[in-house]
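Every chain is numbered from 1, with letters handed out A, B, ... down the list of sequences. Atom set for the values below is all heavy atoms of this structure, side chains included, hydrogens, waters and symmetry mates excluded. Quick caveat: nothing in here was measured; it's all calculated off a predicted structure.
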Amino acid sequence: MKEILEILEKDARTTPQEIARVTKKKVDAVKKAIKKFEKDGVILKYKTIINKELVQDESRAVRALIEARIAPQRGYGFDHIAERIYRFPEVVSCYLLSGTYDLLLVVEGRDIQAVSRFVSEKLSTLDNVRGTVTHFLLKKYKEDGDILKRAERDKRIAISF
Amino acid sequence: MRISKKVNKMPPSGIREFFELVIGMKDVISLGVGEPDFVTPWNICESGIFSIEKGCTSYTSNKGLYELRLQVSRFIKNKHGIGYDPENQILITTGVSEALDLVLRGILNPGEEVIISDPCYVSYYPVTFMAGGKTVFVNTKDTGFKLTPSLIKKSLSKGVKAVLLNYPANPTGVSYSKKELLELSRLFIKHDLIVISDEIYDELTYDFPHTPISSLKGMKERTVYLNGFSKAFAMTGWRVGYACGPEDIISAMTKIHQYTMLCSPIMGQVGAIEALRGSRHYVLEMKREYKRRREFIVGRLNEMGLVCPKPDGAFYVFPSIKNTGMDSIEFAKKLLMQEKVAVVPGTAFGSQGKGHVRMAYASSMTDLKEACLRMERFLKDNAKK
């Protein structure tokens, strides 16, 4: 059943019928498996990957990576404070890391000022946040395994043995 | 006459004209390509680039880089349990194509015969011919395109020196189980035949494990095992293959190779070392993808009324188009002109390919889906009235 995930991860629009055909399974079995994946949270949702380099979304024009040093809390570790932070809609991703700082945040905003305001007013003022370093992102090349460039045309000669 | 009689006698490819037609046309979905649609995995490309940066731009030993021969030897030992000595039983060639030419030239005296299945890969006949040998074609149409002991027995004569096997096969996708190979091997041993085994598609065997015939008892000493990197690692353009076999034959092949090719390109050889050393996860990933495409295209073709058995391996289907009332070339031409889908007429692979076409499913699922829609429409439009 893992193969169903492999197929959907490549193209979420593949229908259960198509999946059934290529995996030699019954359509009902595929549908049931997908339902179970959805119910168990293995499949969280179906999204479209948009190359934002090509579409202007003014409300999210600027992206920054923010390193945050956090004082962990007794009984909660980093989880509590992480939740306080990742619930802000400006925070696109939030990771706990080993090393010189604790949380790595990806934050989006309309412009540099908006991101700066988020950092200075919302993030830094939280009790357990001991310090932040903000890196503004200049260009995206690859994201979550996808190269952000239109696929090149087939370079093979049209017919060969 | 400036051109040698021999070359003049070589039969021209009967479908050259069809090829020109395909190449001249724009926006064609081509199922006529005999190579993977994946590009070479990046770790291999990167090692090739680095080798150039380091200044690895020279000849190598005629036999190929020792490190590559050693890796090939280990790879075959681990995978199939066959031991080949990297010193004198392995030769690195510029693809299996060259290796095949070398082995035929290395073993054949004028007029000696080689048994080959009809249909078969396009180069087998011309290369045998150029080597001075005679081809004994065995019609495999009634055995699902497989050579069987009884078919071969019928074709045996004193002049037969070797049998050329290719499995999984281009163009039919047919392969042999271990049991079938055992039966064949008994016959080969009994009649003291040399076996040339082109197993370039071995990694792409979908329903049962691939067995090299040289791994069977009594076969290693009479088999030249040909393989390479083109298909499993999507490295067609790198031109690296290898031949493994008895010392005397490998040495004869090396003799010709050293005066003609000298060596396989060093960048390709360095890339091949990386292919064998690096992770194999992408080989398996590509295989899973091909397997899914196989299910898709076989299902769709049968649905639309073309009889298409499921191939065991490679990335080709070889459906019958007889019930359309068209011959292979007519079918391919009309399909190209009307729907811009390119397939290869079965007759390109021998007289017994008539009534069939070869379609490669080494294309993206998106292209395969679109090609099938077009073919379905084509069959409806051209249905016999």
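Rounded to the nearest 0.5 angstrom, B/Ser30 OG and A/Asp154 CG are separated by 8.0 Å. Rounding to the nearest 0.5 Å gives a distance of 9.5 Å between NZ of B/Lys291 and OG1 of A/Thr23. Atoms CZ and CZ, on A/Phe161 and B/Phe19 in that order, are 3.0 Å from each other to the nearest 0.5 Å.
For A/Ile147, the CD1 atom sits in a loose shell: 12 or fewer heavy atoms of surrounding residues, nucleotides or ligands are nearer than 6.0 Å. Within a 6.0 Å sphere centred on OH of A/Tyr76, other residues, nucleotides and ligands contribute 12 heavy atoms or fewer. Counted within 6.0 Å of CZ on B/Arg288, heavy atoms from surrounding residues, nucleotides or ligands total more than 12; the atom is thus considered enclosed. The number of heavy-atom neighbours closer than 6.0 Å to CG of A/Asp127, taken from other residues, nucleotides and ligands shown, is 12 or below. Within a 6.0 Å sphere centred on OH of A/Tyr95, other residues, nucleotides and ligands contribute 12 heavy atoms or fewer. When the shell of 6.0 Å around CD of B/Glu20 is examined, it contains more than 12 heavy atoms from other residues, nucleotides or ligands. The number of heavy atoms from other shown groups lying within 6.0 Å of NZ (A/Lys10) is above 12. For CD of A/Glu58, the number of neighbouring non-hydrogen atoms (other residues, nucleotides, ligands) closer than 6.0 Å is 12 at most.
Here the closest non-hydrogen pair linking A/Ser160 and B/Gly34 is OG-N, 2.9 Å. Of all heavy-atom pairs spanning A/Ala158 and B/Val33, the tightest one is O-CG2, 3.3 Å.
At a 4.5 Å heavy-atom cutoff, B/Asp367 makes no contact with chain A through either its backbone or its side chain. For a residue to count as touching a neighbouring chain, one of its non-hydrogen atoms must lie under 4.5 Å from one of that chain's; by this rule B/Val122 touches chain A with the side chain only. Contacts between A/Lys155 and chain B at a heavy-atom distance below 4.5 Å are absent for every atom of the residue. Using a 4.5 Å cut-off between heavy atoms, A/Ile7 contacts chain B through its side chain alone, with no backbone atom that close.
A 4.5 Å side-chain heavy-atom check between A/Ile159 and B/Val344 finds at least one atom pair inside the cut-off.
By the 4.0 Å N-to-carboxylate-O rule, A/Glu6 lies close enough to B/Arg292 to be salt-bridged with it. Residues B/Glu35 and A/Arg156 are not paired through a salt bridge, judged by the lack of any N-O separation under 4.0 Å between the basic side chain and the carboxylate.
Contact count versus chain A (heavy atoms, under 4.5 Å) is highest, among B/Met365, B/Arg358, B/Arg293, B/Glu285, for B/Arg358.
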For residues 25-45 of chain A, please give each side-chain donor-acceptor pair under 3.5 Å, one per line with the distance, not counting sequence neighbours.
unit_1: A/Lys36; atom_1: NZ; unit_2: A/Asp40; atom_2: OD2; d: 2.8
unit_1: A/Glu38; atom_1: OE2; unit_2: A/Tyr46; atom_2: OH; d: 2.7

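Applying a 4.5 Å heavy-atom cutoff, the residues of residues 295-303 of chain B that approach chain A are B/Glu295, B/Phe296, B/Gly299, B/Arg300, B/Glu303.
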